[in-house]
2 protein chains.
Amino acid sequence: MKIADEHITLFKSALKQASLRITSQRMAILEEILHSDQHRECDDIYSSLRAKHVSVSRATVYRTLDLLEQVGFVRKMDIGDGRFRYENKLKQPHHDHIICLQCGKIVEFIDPHIEQRQATISKDHGFELLRHNHQLFGLCERCRDGETVPSKGTDA
Amino acid sequence: MKIADEHITLFKSALKQASLRITSQRMAILEEILHSDQHRECDDIYSSLRAKHVSVSRATVYRTLDLLEQVGFVRKMDIGDGRFRYENKLKQPHHDHIICLQCGKIVEFIDPHIEQRQATISKDHGFELLRHNHQLFGLCERCRDGETVPSKGTDA
DNA sequence: TTTTTAATGAGAATGAGTCTCAATAAGGAA
DNA sequence: TTCCTTATTGAGACTCATTCTCATTAAAAA
């Protein structure tokens with residue numbers, strides 16, 4: 001609670017500094033992201049807000065999510081199924097993902113060795129590394145054991 | 001030349017085995033892929049073929065590229081800009097990519113340490129690793145030195 | 001309270017990729 | 001070689017996430 005409030009205040013000042021307006025839609029979208037641990041897709045956020053009778057449009061959700069990404073509050077991730085996912089970046093440090101191809105389950109991981117190698121490889125090839133994209137795709141334990149039904153998750 | 005011919009023969013037998021037909025379009029698309037080292041996008045392959053007066057449609061290029069991927073001749077890669085790239089898989093062993101965000105230059109790399117860690121991480125999380133997606137994004141030497149103009153490459 | 005102009009919403013537009021289905025053409029059979 | 005079956009193709013409709021447009025609405029400065 002306290003942390004979320006702090007983030008709300010931070011976002012408001014970020015908006016003011018950029019002389020952007022503090023609108024009910026922007027704040028509602030921010031809170032929706034702050035209060036969820038999952039990797040949310042735009043339409044999912046849109047539906048949640050509408051269910052809570054928040055007056056907002058898809059276009060505004062997209063615009064605000066982009067804005068939140070720009071100010072560093074949100075991480076936009078591409079898991080390769082044609083829909084972007086957004087997650088609270090302030091709450092969580094950098095990480096990559098393992099994705100179950102059957103049920104869509106997403107698990108986070110960080111590996112210092114890999115991060116180290118990425119830096120070295122980039123340098124070796126004369127690149128200034130700005131960001132990376134790293135996903136492992138496979139089958140989670142439950143899906144291998146046949147405890148789940150296909151179709152649900154990502155088809156990436 | 002010799003190698004390409006061998007691949008053509010291989011593809012023909014793969015088609016026969018699956019009781020699929022050997023068509024001029026399929027062979028033209030295969031040759032287009034075989035004779036290029038680059039990472040080609042579908043529309044690019046389509047245009048090249050049309051320029052060579054090969055009678056083919058976009059739908060067929062997509063279909064054949066998927067077919068070539070299924071039989072393991074082609075690797076379909078997603079660099080996150082909304083368009084898939086295809087590359088000759090027979091010619092090149094597995095590798096990942098470093099992509100310049102300004103000029104779109106793509107450099108290939110392989111890192112056994114990373115591959116090793118990917119396997120370990122997957123196992124640790126109970127996943128059976130089936131494939132991965134790994135790209136490094138940054139600025140290549142020439143772009144950092146201001147020797148290139150933006151706009152061309154990927155906007156991933 | 002008024003004014004200015006950024007933000008919003010509804011719906012049109014975009015664009016890569018997929019699907020449909022009538023026309024075409026492999027390739028096995030005769 | 002010709003015929004026949006049926007896989008393949010092509011043109012264009014369609015999908016679907018995301019972006020764009022522009023008239024309307026509403027922050028927030030005056």
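Naming convention: chains lettered A, B, ... in sequence-line order (proteins, then strands); numbering from 1 in each chain. Every heavy atom of this structure was used, including side-chain atoms; hydrogens, water molecules and symmetry mates were not.
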What is the distance, rounded to the nearest whole Å, between atom [atom1] of [X] and atom [atom2] of [N]?
{"X": "B/Asp81", "N": "D/dT18", "atom1": "CG", "atom2": "P", "result": "14 Å"}
{"X": "B/Met27", "N": "C/dA25", "atom1": "CE", "atom2": "C1'", "result": "16 Å"}
{"X": "B/Leu68", "N": "D/dT8", "atom1": "CG", "atom2": "P", "result": "13 Å"}
{"X": "A/Ile45", "N": "D/dT18", "atom1": "CD1", "atom2": "P", "result": "11 Å"}
{"X": "B/Lys16", "N": "C/dA26", "atom1": "NZ", "atom2": "C1'", "result": "11 Å"}
{"X": "A/Arg83", "N": "D/dT15", "atom1": "CZ", "atom2": "C1'", "result": "13 Å"}
{"X": "A/Lys76", "N": "D/dA17", "atom1": "NZ", "atom2": "P", "result": "14 Å"}
{"X": "B/Asp43", "N": "C/dT14", "atom1": "CG", "atom2": "P", "result": "17 Å"}

* Asked: What residues join A/Phe109 in its hydrophobic cluster, counting side-chain heavy atom gaps under 4.5 Å, either direct or through other members?
  -> A/Ile98, A/Val107, A/Ile114, A/Ile121, A/Phe127, A/Leu129, A/Leu136, B/Ile98, B/Val107, B/Phe109, B/Ile114, B/Ile121, B/Phe127, B/Leu129, B/Leu136

* **Stepwise side chain to side chain donor-acceptor pair (under 3.5 Å) test for A/Glu115 and A/His134** => CA-CA 10 Å; A/Glu115 303 286 323; A/His134 194 190; over 6 Å; no

* **A/Lys52/A/Glu32 salt bridge by N-O under 4.0 Å criterion** => yes

* **Salt-bridge contact B/Asp44-B/Arg85 (side-chain N to carboxylate O under 4.0 Å)** => no

* Would you say D/dT19 has OP1 or OP2 under 4.0 Å from some side-chain N or O of A/Tyr62? -> no

* To do: Take A/Asp78 and A/Arg83 through the salt bridge (charged side-chain N to carboxylate O under 4.0 Å, His left out) test and state the conclusion after the steps.
  => CA-CA 7 Å; A/Asp78 176 7; A/Arg83 273 164 288 149; over 6 Å; no

* Within 45 degrees of the axis of the six-membered ring of B/Phe137 and under 6.0 Å from its centre: does A/Arg131 put its NZ or CZ there? -> yes

* Asked: How do B/Ile22 and B/Phe84 order along DNA chain C: which one's closest nucleotide is nearer the 5' end?
  -> B/Phe84

* Asked: What string of B, S and - do you get for nucleotides 6-11 of chain C, 5' to 3', if B is base contact, S is sugar-phosphate-only contact and - is no contact with any protein heavy atom under 4.0 Å?
  -> BSBB--

